[in-house]
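Structure first, commentary second.
No hydrogens, no waters, no symmetry mates; every other heavy atom, side chains included, goes into these values.
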Amino acid sequence: MTTEATANKALIRRIFEEVIPGGDAATMRGLFAPDWVDHDPLPGQPAGRDGAAFVVSTMHTAHPDLRFTIDDLFAESDRVVIRWRLRGTNTGPMLGRPATGQPVELAAIVIFRIADGLIAERWAGWKPGRSPQTHPALTAPVTPSA
């Protein structure tokens, strides 16, 4: 493995083991290129570095006890692929929905492109039923109309 690939893997590992679980939006912002492009943003996510900070704030506010399990982490040249699972308890609002108090497990495979030591692009594929938009524990119950 090249030095570049090793450094890129370390960057992504840091984000999922330290930065997001710690709720550190300022550090997250500094790890992304100013013109970072998220090809699969969360609803309401702003563009650029503000979007990276939004992801940390959103995920950490909704699940302050969140922890990631890194199932796979691969790197080649400027690309890093991670397959992860997030576990936590939904004790805060998530994407406009109130907290449910329920345990949550989200899962995704994500590809990052790294340029000059910063994240330049991201593509995410969520496991069906395990995305922030579709997880049953994050979806407020529907009240039938009378």
Original post:
What's the shortest heavy-atom distance between A33 and A120, and which atoms?
Top reply: CB-CA, 4.3 Å

Original post:
Below 4.5 Å, heavy atoms only, C-beta onward: do T2 and S77 meet side chain to side chain?
Top reply: no

Original post:
How far apart are the closest heavy atoms of P41 and D38, and which atoms are they?
Top reply: CD-O, 3.4 Å

Original post:
Is there a side-chain contact between T89 and V104, using heavy atoms and a 4.5 Å cut-off?
Top reply: no

**OP:** Please round to the nearest 0.5 Å and tell me the distance separating atom CE of M94 and atom CG of N90.
**Re:** 7.5 Å

Original post:
So how far is it from R49 CZ to I119 CD1, rounded to the nearest 0.5 Å?
Top reply: 11.0 Å

Original post:
Does H63 reach the main-chain N or O of M59 with its side chain, forming a donor-acceptor pair under 3.5 Å?
Top reply: yes

Subject >> Straight-line distance of E121 CD to D78 CG, nearest 0.5 Å >> reply: 9.0 Å

Subject >> Straight-line distance of R79 CZ to F112 CZ, nearest 0.5 Å >> reply: 12.5 Å

**OP:** Return each pair, listed once, that meets ring-ring contact (aromatic ring centres under 6.0 Å, His included) where at least one residue sits in residues 33-53; pairs must be two or more places apart or across chains.
**Re:** F32-W36, H39-W123

**OP:** Kindly compute the distance separating CZ (F16) from CD1 (I70), expressed to the nearest 0.5 Å.
**Re:** 7.5 Å

**OP:** Only counting residues at least two apart or in another chain, list the ones meeting side-chain hydrogen bond (donor to acceptor under 3.5 Å, both in side chains) with R87.
**Re:** E105

Subject >> Residue D72 excluded, over 12 heavy atoms near CG under 6.0 Å >> reply: yes

Subject >> Exceeds 12 heavy-atom contacts within 6.0 angstrom, atom CD of E4 >> reply: yes

Subject >> Nearest-0.5 Å distance that lies between atom CD1 in I15 and atom CG in D24 >> reply: 11.0 Å

Original post:
Between W126 and A107, which heavy-atom pair has the shortest distance, and what is it?
Top reply: CE3-O, 3.4 Å

Original post:
With a 4.0 Å cut-off, would you call D71 and R85 a salt bridge?
Top reply: yes

Original post:
Shortest non-hydrogen contact from R29 to D50?
Top reply: NH2-OD1, 2.5 Å

Original post:
With hydrophobic residues grouped by side-chain heavy-atom distances under 4.5 Å, do M28 and L118 end up in a single group?
Top reply: no

